[in-house]
Amino acid sequence: SERVPVTITVDAIPVITVSASAAPCEGGSITFTATSLPGATYTWTGDASSTTNVATVNSVTSGTTYSGTVKATVGGCESADVAYTQTALTTPAITVSASAAPCEGGSITFTATSIPGATYTWTGDASSTTNVATVNSVTSGTTYSGTVKATVGGCESADVAYTQTALTTPDVPILTN
């Protein structure tokens with residue numbers, strides 16, 4: 001019998017990696033990107049879903065980790081499952097307190113929750129870039145108020161109201177004879 005040459009083509013097993021977009025604030029989105037291979041279909045498990053090499057998770061929740069695996073299939077050959085993960089940034093939460101009501105000429109100190117690395121935005125009567133703001137030389141019976149919010153890693157807390165009223169200086173009648 002005559003020998004007939006036979007050519008056998010062995011398809012390579014696809015190899016992929018996956019990356020994640022930067023961690024977003026609450027309500028943002030995370031995009032996971034696997035290596036793009038010509039003719040590949042992709043199978044995503046876990047929190048991301050797509051049939052392409054790009055999968056997006058929308059409307060993320062503060063501090064939540066999104067994860068799973070992805071694999072690529074080319075010509076019937078499957079890559080290994082590759083893990084993906086990303087955690088949404090935590091939205092800062094603050095409260096604010098006021099010092100005791102002062103007499104006229106005194107001061108009121110408002111103190112928001114101290115969060116490492118945070119910057120603070122005060123509106124209204126108090127002004128500061130830290131978690132503590134002081135209103136000096138208050139006027140009798142005047143209410144001092146506004147809002148404060150903290151920003152950490154680009155994520156903002158809700159605006160939190162502050163208020164305090166200076167004590168009213170009593171009118172003392174002067175009696176003459």
Checklist entry - When you look at T134 and N136, which way does the side-chain contact (heavy atoms from CB on, under 4.5 Å) test go after all the steps? => result CA-CA 6 Å; T134 301; N136 294 307; 3.4 Å; yes
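- Judged purely by distance below 3.5 Å, without hydrogens or angles, the side chains of T109 and S99 never pair a donor atom with an acceptor atom.
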When the side chains of residues 68-78 are checked against the rest of the protein, which donor-acceptor pairs come out under 3.5 Å, sequence neighbours left out?
residue: T69; atom: OG1; partner: T45; partner atom: OG1; Å: 2.6
residue: K71; atom: NZ; partner: E78; partner atom: OE1; Å: 3.2

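- Side-chain contact annotation: T113 with T95, donor-acceptor N/O pair under 3.5 Å present.
- Here the shortest heavy-atom pairing between W122 and S127 reads CB-CA, 4.2 Å.
- The two residues D47 and V57 have their closest heavy-atom pair at O-CG2, 3.6 Å.
- The minimum heavy-atom distance between T91 and S157, with the atom names listed, is CG2-CA, 4.4 Å.
- A side-chain donor-acceptor contact under 3.5 Å links T35 to the backbone of T17.
- Of all heavy-atom pairs spanning V96 and A161, the tightest one is CG1-O, 3.2 Å.
- To the nearest 0.5 Å, atoms OG (S36) and CG (N53) are separated by 4.5 Å.
- A side-chain N or O of T65 and one of T87 form a donor-acceptor pair less than 3.5 Å apart.
- We find the OG-CD1 distance between S145 and I108 to be 10.0 Å, quoted to the nearest 0.5 Å.
- Legend: residues meeting ring pair (Phe, Tyr, Trp, His ring centres under 6.0 Å) with F110, ordered by chain and number and at least two apart, are Y162.
- The two atoms that bring T33 and V54 nearest to each other are CG2-CG2, 4.1 Å, heavy atoms only.
- T139 pairs by the side chain to side chain contact (heavy atoms under 4.5 Å, CB included) definition with E104, T142, Y144, not counting sequence neighbours.
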Checklist entry - Could you walk me through whether L37 and I16 pass the side-chain contact (heavy atoms from CB on, under 4.5 Å) check? => result CA-CA 8 Å; L37 300 175; I16 62 170; 3.6 Å; yes
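- Under a hydrophobic clustering in which Ile, Leu, Val, Met, Phe, Trp and Tyr are joined whenever their side-chain heavy atoms come within less than 4.5 Å, directly or via other members, I115 and L89 fall into different clusters.
- No hydrogens or angles considered: a donor-acceptor pair under 3.5 Å links the side chains of T52 and S50.
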